[in-house]
There are 2 protein chains.
Amino acid sequence: MKILLVEDEPKVSAFIKRGLEEEGFEVEVAYDGRFGRQLALSHSYELIILDVILPYFSGLEVLEAIRAQDQQTPVLLLTALGTTQDKLHGFGGGADDYLVKPFDFPELVARVRALTRRRGQQAKGSALSFEDLTLDSAAKTVTRAGQPLKLTAREFGLLELLLRHPGRVLSRAELAADVWEDSFDAGSNVVDVYVNYLRNKVDKPFSRKLIHTVVGMGYVLRAQE
Amino acid sequence: MKILLVEDEPKVSAFIKRGLEEEGFEVEVAYDGRFGRQLALSHSYELIILDVILPYFSGLEVLEAIRAQDQQTPVLLLTALGTTQDKLHGFGGGADDYLVKPFDFPELVARVRALTRRRGQQAKGSALSFEDLTLDSAAKTVTRAGQPLKLTAREFGLLELLLRHPGRVLSRAELAADVWEDSFDAGSNVVDVYVNYLRNKVDKPFSRKLIHTVVGMGYVLRAQE
DNA sequence: CTTCAACCAGCAGAATTTTCATGGGGAAAT
DNA sequence: ATTTCCCCATGAAAATTCTGCTGGTTGAAG
């Protein structure tokens, strides 16, 4: 749960950083708009807290740069500018919350929690990924290295199971039990066949292979040979 | 974009309702905690605005009942109780935002927008669109490439749901649950039939197809093959 | 060094499932 | 009394799923 805090007053930023860390968050601090923007655009955070008045770029300019590339990450503006006009500017620029200094620290924590709560649970819910492979079980989409892959229902189910246990060897029986539910004939080679189909789509077009055979045991999803 | 407002002072609720409707939201009002809770639990809203001090059940009790069954719907608490203690109570109960009365109406609108933006990713009132296809759920009109299309109620509901989740594969069960509500026989092919009707009107007269079937999974709205 | 058995990759076509496209009956609206 | 809309049923077409088989590799025993 990494948070980016962009705030130029060392006292304030140290205070917030320490406080949030005590609450279990991981906090990175940037001391001006330029550095803040760079970090925000190059890293992925659960939440970004922006002071509005900053050296080089204002918080609103940083927000604009973020929203140009990413609509998802929640942004909380934190500033001494408390008029409704200022707030409207902030929300209009795509902020998710606006807190006026001075504030009570517990309220900041509560708002930070409210903004991060939703994301944390929905990310776990639908998106699985391993290396450059991503699978969204709600949208039923799979991409590798950014390219979308077209899988059939069975192939999708099989990959989903592998992706749920990366690095763990799954026996044919385990795979069959989960993907084929009950209707499974032990003497069949369906699993092999589908692993083969999957490899053709997931591994063959790429140089780094992810699906590996462990002779006598089953199949694994892992990085190297 | 339907919002539930639970507020017992008729003056305040009328004021908020009218204001939000001018901004393109659809607002339902409940005048006490009991009725508010009932509506919140039985219907699906994009956002719920709760006054804390209400007859029968307090806003916090209503919030608790909502969160017991649904973690998703954002809740905004709106109240005269402005101490940090009160706010912490609200956030602790699962609220997403907390606004203290008296407030400037534009700020409420901005916060309502911020909370609903992410949900349907439809910021402007009731108009949904994807590529050159547009659907206005308030006006019940659909156009493609500027041309108006004439859809029946079921067709409209189905397209609206697809349009609300572009790029996501929706299973027949999901579609049926939303469009056909409860009266749905699992062995029926109604969904297929209506997707077919929709295609005849939405896709057939145009070269770029938008509705695609994913065999064994469901249907999606997306641009390419 | 040879043989054998176990195991796995890959293919091709058959079997099955899923989807499309229509016709028609009945309900609802006009 | 039409017209429109909703839904079921059906068969054809398309796509997927599965079976059976061939051939290759590996590793251990003879």
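Hydrogens, waters and symmetry mates play no part in the numbers below; they use all other heavy atoms, side chains included. Proteins come first, then strands; the chains are lettered A, B, ... in the order of their sequence lines, and each starts at number 1.
- A close approach under 4.0 Å does not occur between any side-chain nitrogen or oxygen of A:Y194 and OP1 or OP2 of C:dG10.
- For the pair B:K204 and A:R199, nearest-nucleotide mapping onto DNA chain C gives the more 5' position to A:R199.
- Rounding to whole angstrom units, NZ of residue B:K150 and P of D:dC5 are separated by 5 Å.
- One axis for each end of the helix from C:dC1-D:dG30 to C:dT30-D:dA1, each built from five base pairs, and the angle between them comes to 20° at 10° resolution.
- Aromatic ring centres of B:F35 and B:Y56: separated by at least 6.0 Å.
- The separation between B:R172 atom CZ and D:dC7 atom C1' is 16 Å, rounded to whole Å.
- Contact annotation: A:N196 side-chain N/O to C:dA9 OP1/OP2 distance is not under 4.0 Å.
- If you take CD1 of B:I211 and P of C:dC20, they are 10 Å apart, rounded to a whole angstrom.
- The separation between A:N200 atom CG and D:dT17 atom P is 15 Å, rounded to whole Å.
- The only option from B:V112, B:L76, B:L115 that meets the side chain to side chain contact (heavy atoms under 4.5 Å, CB included) definition with B:I3 turns out to be B:V112.
- Taking atom CG on B:L198 and atom P on D:dC5, their separation rounds to 13 Å, with Å as the unit.
- Phosphate proximity of C:dT18 to B:T213: absent, as no side-chain N or O sits under 4.0 Å from OP1 or OP2.
- Both A:V190 and B:A153 sit near DNA chain D, but only B:A153 has its closest nucleotide nearer the 5' end.
- Although no hydrogens or angles enter the test, the distance criterion places no donor-acceptor pair under 3.5 Å between the side chain of B:S58 and the main chain of B:L54.
- A 6.0 Å sphere centred on CD of B:E64 holds no more than 12 heavy atoms belonging to other residues, nucleotides or ligands.
- Among residue pairs with one or both ends in residues 129-171 of chain B, none qualify as ring-ring contact (aromatic ring centres under 6.0 Å, His included); sequence neighbours excluded.
- The distance from atom NZ of A:K201 to atom C1' of D:dA15 is 11 Å, rounded to the nearest whole Å.
- With 3.5 Å as the limit, one finds a donor-acceptor pair spanning the side chains of B:E28 and B:Y45.
- For D:dC6, neither phosphate oxygen OP1 nor OP2 lies less than 4.0 angstrom from any side-chain nitrogen or oxygen of B:W180.
- Few gaps surround CD on A:E21; more than 12 heavy atoms of other groups in view lie less than 6.0 Å from it.
- With sequence neighbours left out, the side chain to side chain donor-acceptor pair (under 3.5 Å) criterion links B:D178 to no other residue.
- No side-chain donor-acceptor contact under 3.5 Å links A:R37 and A:S42.
- If B:G216 and B:S188 are placed on DNA chain D by their nearest nucleotide, the residue sitting closer to the 5' end is B:S188.
- The separation between B:E155 atom CD and D:dC7 atom C1' is 13 Å, rounded to whole Å.
- Counting only distance, with no hydrogens or angles, the side chain of B:K209 and the backbone of B:D203 share a donor-acceptor pair below 3.5 Å.
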Close N or O pairs between protein and nucleotides 13-15 of chain C (under 3.5 Å):
none

Under-3.5 Å N/O pairs linking protein and nucleotides 20-26 of chain D:
{"residue": "D:dG20", "atom": "O6", "partner": "A:N189", "partner atom": "ND2", "Å": "3.3"}
{"residue": "D:dC21", "atom": "N4", "partner": "A:N189", "partner atom": "ND2", "Å": "3.4"}

message: Let's go through B:R172 and B:Y219 carefully: what are the C-alpha distance in whole Å and the side-chain angles of both, what is the deciding distance for side-chain hydrogen bond (donor to acceptor under 3.5 Å, both in side chains) to 0.1 Å, and is it a yes or a no?
response: CA-CA 8 Å; B:R172 280 151 228 277; B:Y219 299 95; 3.1 Å; yes
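- Nucleotide D:dA14 holds its P atom 22 Å from the CE atom of B:M217, rounded to whole Å.
- Listed by chain and number, the residues in a side-chain contact (heavy atoms from CB on, under 4.5 Å) with A:A145 are A:D132, A:F206 (sequence neighbours excluded).
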